[in-house]
Amino acid sequence: MPELPEVETIKNDLRPELKGRRFTSVSILWPRMVLSGSPELLGEQLIGQHIREVARRGKYLVFRLASGQALVLHMRMTGSLLLRSASESSPDERRYVTAVFGLDSGQELLFCDRRKLGTVALVDSEAGLDRKLGPEPLDRAFTTQKLQGLLAKRKAPIKAILCDQDVIAGIGNMYADEALFSARIHPLRPANSLSHNEIDKLRNAIIVVLRKGIRNAGASFSDYRRPSGNRGSQQNAFQVAHRGGETCSVCATPIVRIPVRNRGTYYCPKCQSDATCSGS
DNA sequence: CCCGGAACCTGAAGGC
DNA sequence: TGCCTTCAGGTTCCGG
């Protein structure tokens, strides 16, 4: 489940390898992953193009091309990117490959995706991404005041709002739970019920939790791998995410799992008091 | 506009 | 052992 820290790690790993490289071949094994036109057209337009920059916006990985176009990839839940010398990938790695991008370095970029939900699109501009995504939580512009504005008038559970890409770009199920635990806020609290102090704590928690995730190269609970094939280590550092039944590191109360918008949500019932409490 | 639920996707895991 | 059900969660769509 690549969220912001996972995609950021992929970007950081790929950038030095791919910057300045040229696409020499494109092979789409799962046609439905291509959102822009046909797989054939994607290949036609991509082959020969140089990669000017590797970037990230929210959970999207963006290859900025010399032509001004951009190749935009999304891993969804089970997607990963492996960078391998041509034909050096193992059968295990090949098993779920949905696309192969050949490069003039002799390397191959493999899009691996067990559930085939990942997507790729060649776009003329990144403006479409900016239109549909909220602010980057690690930008300076993501202030407490900004977050307060985003949460105002939203009465849905704060957990659901944090995962809404229109509100903030890049936070998903795992890091939302971690940020709420760190800020000691119950996941079911209506977003507009948070006090200014709580919003301030939440903003700081979001930033700290995401930065820690990046420092640990992301969380490899299931399919996520770095382009080298290595795992991240953030899964070992989570306080509550995917830790149902284990004891809270602060108060030893068992971590509870509840559905919020049909998503598994982990929290400490003592540290994150209750949903009706309006905080201090 | 806002909210919640369903659908999409398919392998893994667990029950019997 | 094997069949069946349930689960996973990012995004998109739809109805209220």
Side-chain angles (χ1 to χ4, degrees), chain A residues 1-10 28-36 56-62 72-81 91-99 111-121 123 128-134 136-137 149-180 187-194 210 213 218-225 232 234-235 238 240-245 255-267 275:
Chain A
M1 306 142 238
E3 302 178 25
L4 187 152
E6 286 74 28
V7 182
E8 180 74 10
T9 300
I10 294 170
I28 304 292
L29 287 76
W30 182 249
R32 293 174 63 178
M33 77 182 300
V34 179
L35 298 182
S36 57
R56 178 193 60 75
R57 179 75 172 94
K59 300 172 189 170
Y60 291 86
L61 188 68
V62 179
V72 178
L73 300 91
H74 198 298
M75 320 298 156
R76 293 286 182 99
M77 272 103 74
T78 56
S80 60
L81 289 171
D92 216 34
E93 291 167 341
R94 287 251 160 205
R95 186 168 169 204
Y96 298 119
V97 169
T98 55
F111 197 120
C112 309
D113 193 357
R114 190 161 55 82
R115 284 169 61 186
K116 297 177 177 169
L117 290 170
T119 61
V120 58
V123 299
L129 282 185
D130 280 325
R131 254 198 311 279
K132 70 176 178 180
L133 294 176
E136 287 289 326
L150 291 166
L151 300 185
K153 298 180 194 168
R154 306 299 298 262
K155 64 175 188 183
I158 182 63
K159 163 69 185 283
I161 297 295
L162 286 182
C163 292
D164 187 340
Q165 302 303 294
D166 304 344
V167 179
I168 307 168
I171 299 175
N173 209 40
M174 302 182 296
Y175 292 93
D177 285 357
E178 289 298 308
L180 289 170
L188 287 176
R189 288 275 302 283
N192 62 2
S193 77
L194 271 58
L210 292 177
S220 294
F221 273 116
S222 53
D223 299 74
Y224 165 73
R225 296 291 183 277
Q234 176 59 34
Q235 67 278 7
F238 280 141
V240 290
H242 288 76
R243 298 215 178 279
I255 302 300
V256 168
R257 180 184 184 277
I258 58 168
V260 178
R261 283 278 236 283
N262 262 331
R263 301 291 177 250
T265 299
Y266 301 88
Y267 73 102

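Treat the numbers as computed from the prediction; the structure is a model and nothing was measured. Here is the naming used below: chain letters follow the sequence lines, and residue numbers restart at 1 for every chain.
- Here the C1' atom of nucleotide dG10(C) and the OH atom of Y224(A) are 17 Å apart, to the nearest Å.
- When each of Y96(A) and R76(A) is assigned the nucleotide of DNA chain B bearing its nearest heavy atom, the one mapping closer to the 5' terminus is R76(A).
- Between the CG atom of L129(A) and the C1' atom of dT12(C) there is a distance of 15 Å, given to the nearest Å.
- Closest to the side chain of K155(A), from the set dG10(C), dC3(B), dC9(B), is dC3(B).
- Distances were taken from every side-chain heavy atom of A156(A) (C-beta onward) to each of dG10(C), dC3(B), dA12(B); the shortest belongs to dC3(B).
- Contact annotation: Y175(A) side-chain N/O to dG10(C) OP1/OP2 distance is not under 4.0 Å.
- Residue P157(A) is in sugar-phosphate contact alone, with no base atom involved, counting any heavy-atom pair closer than 4.0 Å across all strands shown.
- Of the candidate nucleotides dC3(B), dT11(C), dA8(C), dT11(C) has the atom lying nearest to any side-chain atom of Y60(A).
- In this structure, F221(A) places its CZ atom 13 Å from P of dA8(C), rounding to the nearest Å.
- Residue K59(A) places at least one side-chain N or O under 4.0 Å from the OP1 or OP2 atom of dT11(C).
- Between N173(A) and the choices R261(A), R263(A), K159(A), the side-chain hydrogen bond (donor to acceptor under 3.5 Å, both in side chains) rule is met once, by K159(A).
- Distances shorter than 4.0 Å separate some side-chain N or O of Q165(A) from OP1 or OP2 on dT11(C).
- Close to dC8(B), at under 4.0 Å from its OP1 or OP2, lies no side-chain N or O of K116(A).
- Side-chain atoms of R263(A) and base atoms of dA8(C) include no donor and acceptor less than 3.5 Å apart.
- Relative ring orientation between F238(A) and Y175(A) is described as perpendicular, the plane-to-plane angle rising above 60° on a 0-90° scale split at 30° and 60°.
- With DNA chain C read from its 5' end, the first of the two nearest nucleotides for M1(A) and K132(A) is the one closest to M1(A).
- No side-chain heavy atom of Y266(A) sits under 4.5 Å from any side-chain heavy atom of R243(A).
- For the OP1/OP2 pair of dT11(C) and a distance below 4.0 Å, the side-chain nitrogens and oxygens of H74(A) include at least one atom meeting the criterion.
- Side-chain N/O atoms of R261(A) include one lying less than 4.0 angstrom from OP1 or OP2 on dG4(B).
- At least one side-chain heavy atom of T119(A) sits under 4.5 Å from a side-chain heavy atom of H74(A).
- Note: CG (D164(A)) to C1' (dC2(B)) measures 10 Å, nearest angstrom.
- Between M33(A) and K116(A), the closest side-chain pair of non-hydrogen atoms is not below 4.5 Å.
- Close to dC9(B), at under 4.0 Å from its OP1 or OP2, lies a side-chain N or O of R32(A).
- To the nearest angstrom, P of dC7(C) lies 15 Å from CG of N173(A).
- In terms of position on DNA chain B, the residue among L117(A) and N262(A) whose nearest nucleotide sits closer to the 5' end is N262(A).
- Rounded to an integer number of Å, the gap from CG of L73(A) to P of dG10(C) is 18 Å.
- For the pair D223(A) CG and dC9(B) P, the computed distance is 18 Å after rounding to whole Å.
- For I171(A) and dG10(C), the CD1 to C1' distance is 14 Å, given to the nearest whole Å.
- Here R154(A) pairs with D164(A) in a salt bridge; the nearest charged N to carboxylate O distance falls below 4.0 Å.
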